[in-house]
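Here's the structure, in structure tokens; my notes come after.
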Amino acid sequence: VHLLLYALDKKLTGTLELLAKDKRSASITLVAGQPAKVRTSEPVAYLGRVLHELGHLTEEQLTRSLADLAKEKASGSRMHGEVLVARGLIDDRKLRDGLRDQVMRKLRHAAGMPPDTAYGYFDGFDALQSWGRPATEGVDSLPALWGMLREYPPWDHVNAALERLGASPLRLRGPDLKRLGLADDEIKAVELMRARPLRPQELARAGQLNDRTGQLLVYLLLVTKQVDVLPADQGSRPSRPPVVVQRLSRPPTPAPGFKPA
């Protein structure tokens, strides 16, 4: 999560490499801070299956297209998306939807790598240039963050952030809630902080969420800079303007010992 936020903030263009001690790996091509392509050592999120689950392909169309793809690969190097468009099974818009969702799923998969995974960033270098479509533009990574946090919560970081906050109330200020991929009930809970500041432990109760969701939601709002942190004594005086005293997002510190191949 922090690596993606840092890349987005700095508008990085290059390749982010992740390498776990168990030899699992992931390569992420970034364009202006946004992930354009993701390749994982484990086979996940095949495009055809993604399109099927999005409702853009029937099971029969998927099966037939895979047979067509096998023939195409025997005589050339056309990709599945190109075959599907050429056969008229999907249009360019549906292909873009599928590729965007595929990137999001692979990012979530990469988030499940061990905490001691090492990483390296190579500025201006596309390690996936010969793999897949040209990386001309990326996709917005913010909608992927909430799914990553819920599926693989970094509790050490979450607990440290909540401990630093203590009883300090939070006031919502960010305009990007729709980009965060929240459910309707989660958006309604967060919007309560726009009217009056809420302490972290109050959010779940006020929004009728479970404690786990409330804690992770506070962490998401902090790292995406959607809230101002107010002094503890301002919680009972919501009419006063917010005063920013801290923000808990910071650039990642490179892990030691990473040696690119």
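Any value given below was found using the heavy atoms of this structure, including those in side chains, with hydrogens, waters and symmetry copies removed. FYI, the numbering just counts along the sequence from 1.
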Mind checking side-chain hydrogen bond (donor to acceptor under 3.5 Å, both in side chains) for [X] and listing every partner two or more places apart, or none if nothing turns up?
{"X": "N210", "value": "T213"}
{"X": "E60", "value": "none"}
{"X": "Q129", "value": "none"}

Are [X] and [Y] in one and the same hydrophobic cluster, where Ile, Leu, Val, Met, Phe, Trp and Tyr link if side-chain heavy atoms are under 4.5 Å apart?
{"X": "L4", "Y": "V44", "value": "no"}
{"X": "M113", "Y": "L128", "value": "no"}
{"X": "L182", "Y": "Y219", "value": "yes"}
{"X": "L30", "Y": "W131", "value": "no"}
{"X": "V50", "Y": "L66", "value": "no"}

Subject >> side chain to side chain contact (heavy atoms under 4.5 Å, CB included) partners for S41, two or more places apart >> reply: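 Here the qualifying residues are R24, S25.
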Using side-chain heavy atoms (C-beta onward) and a distance below 4.5 Å, is [X] in contact with [Y]?
{"X": "L57", "Y": "K94", "answer": "no"}
{"X": "D126", "Y": "V31", "answer": "no"}
{"X": "V218", "Y": "V227", "answer": "no"}

Can we say [X] and [Y] salt-bridge, meaning some charged N sits less than 4.0 Å from an Asp/Glu carboxylate O?
{"X": "R93", "Y": "D97", "value": "yes"}
{"X": "R96", "Y": "D92", "value": "no"}
{"X": "E82", "Y": "R87", "value": "no"}

For [X] and [Y], work out which heavy atoms get closest and say how close.
{"X": "D22", "Y": "P114", "result": "OD2-CG, 4.3 Å"}
{"X": "A206", "Y": "L192", "result": "O-CD1, 3.5 Å"}
{"X": "A110", "Y": "A26", "result": "CB-CB, 4.2 Å"}
{"X": "P35", "Y": "I28", "result": "CB-CG2, 3.9 Å"}
{"X": "Q102", "Y": "A45", "result": "NE2-O, 2.9 Å"}
{"X": "A189", "Y": "L209", "result": "CB-CD1, 3.7 Å"}

Answer yes or no: is there a donor N or O on one side and an acceptor on the other, between the side chain of [X] and the main chain of [Y], under 3.5 Å?
{"X": "R39", "Y": "S27", "answer": "no"}
{"X": "E17", "Y": "G120", "answer": "no"}
{"X": "T15", "Y": "F122", "answer": "no"}
{"X": "K106", "Y": "V38", "answer": "yes"}

Subject >> Worked verdict on E59 versus R64 for salt bridge (charged side-chain N to carboxylate O under 4.0 Å, His left out) >> reply: CA-CA 9 Å; E59 187 70 40; R64 189 168 64 249; over 6 Å; no
Starting at [atom1] of [X], measure out to [atom2] of [Y] and round the result to the nearest 0.5 Å.
{"X": "D228", "Y": "R171", "atom1": "CG", "atom2": "CZ", "result": "8.0 Å"}
{"X": "L107", "Y": "L3", "atom1": "CG", "atom2": "CG", "result": "11.0 Å"}
{"X": "H109", "Y": "T40", "atom1": "NE2", "atom2": "OG1", "result": "5.0 Å"}
{"X": "Q215", "Y": "L203", "atom1": "CD", "atom2": "CG", "result": "10.5 Å"}
{"X": "I90", "Y": "H80", "atom1": "CD1", "atom2": "NE2", "result": "8.0 Å"}
{"X": "L8", "Y": "D140", "atom1": "CG", "atom2": "CG", "result": "7.0 Å"}

Check residues 141-161 and write down every donor-acceptor pair under 3.5 Å in which the side-chain atom is one partner and the other belongs to a residue at least two apart or another chain.
residue: W146; atom: NE1; partner: E186; partner atom: OE1; Å: 3.0
residue: N159; atom: ND2; partner: W155; partner atom: O; Å: 3.1

Subject >> Within 6.0 Å of CD in Q208, more than 12 heavy atoms from elsewhere >> reply: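 Atom CD in Q208 is not packed in, count stays at 12 or less.
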**OP:** Could you go through the side chain to side chain contact (heavy atoms under 4.5 Å, CB included) check for V190 and L180 one step at a time?
**Re:** CA-CA 12 Å; V190 172; L180 295 180; over 6 Å; no
Original post:
Under the criterion side-chain contact (heavy atoms from CB on, under 4.5 Å), which of L51, L62, V83, L84 is the partner of L89?
Top reply: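 For L89, the side-chain contact (heavy atoms from CB on, under 4.5 Å) check succeeds only for L84.
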**OP:** With sequence neighbours excluded, give me every salt bridge (Lys or Arg N to Asp or Glu O under 4.0 Å) pair touching residues 205-222.
**Re:**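 As it turns out, there is no salt bridge (Lys or Arg N to Asp or Glu O under 4.0 Å) pair with a partner in residues 205-222 once direct neighbours are skipped.
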**OP:** Start with the C-alpha gap between R194 and L177, add the side-chain angles, then the distance that decides, and say whether side chain to side chain contact (heavy atoms under 4.5 Å, CB included) holds.
**Re:** CA-CA 12 Å; R194 201 182 297 278; L177 287 186; 4.1 Å; yes
**OP:** Let me see the working for R105 and E53 under side chain to side chain contact (heavy atoms under 4.5 Å, CB included), right down to the final yes or no.
**Re:** CA-CA 12 Å; R105 296 185 189 205; E53 293 177 4; 2.5 Å; yes
**OP:** Tell me, with the steps shown, if L221 and M193 meet side chain to side chain contact (heavy atoms under 4.5 Å, CB included).
**Re:** CA-CA 11 Å; L221 296 173; M193 292 191 294; 3.4 Å; yes
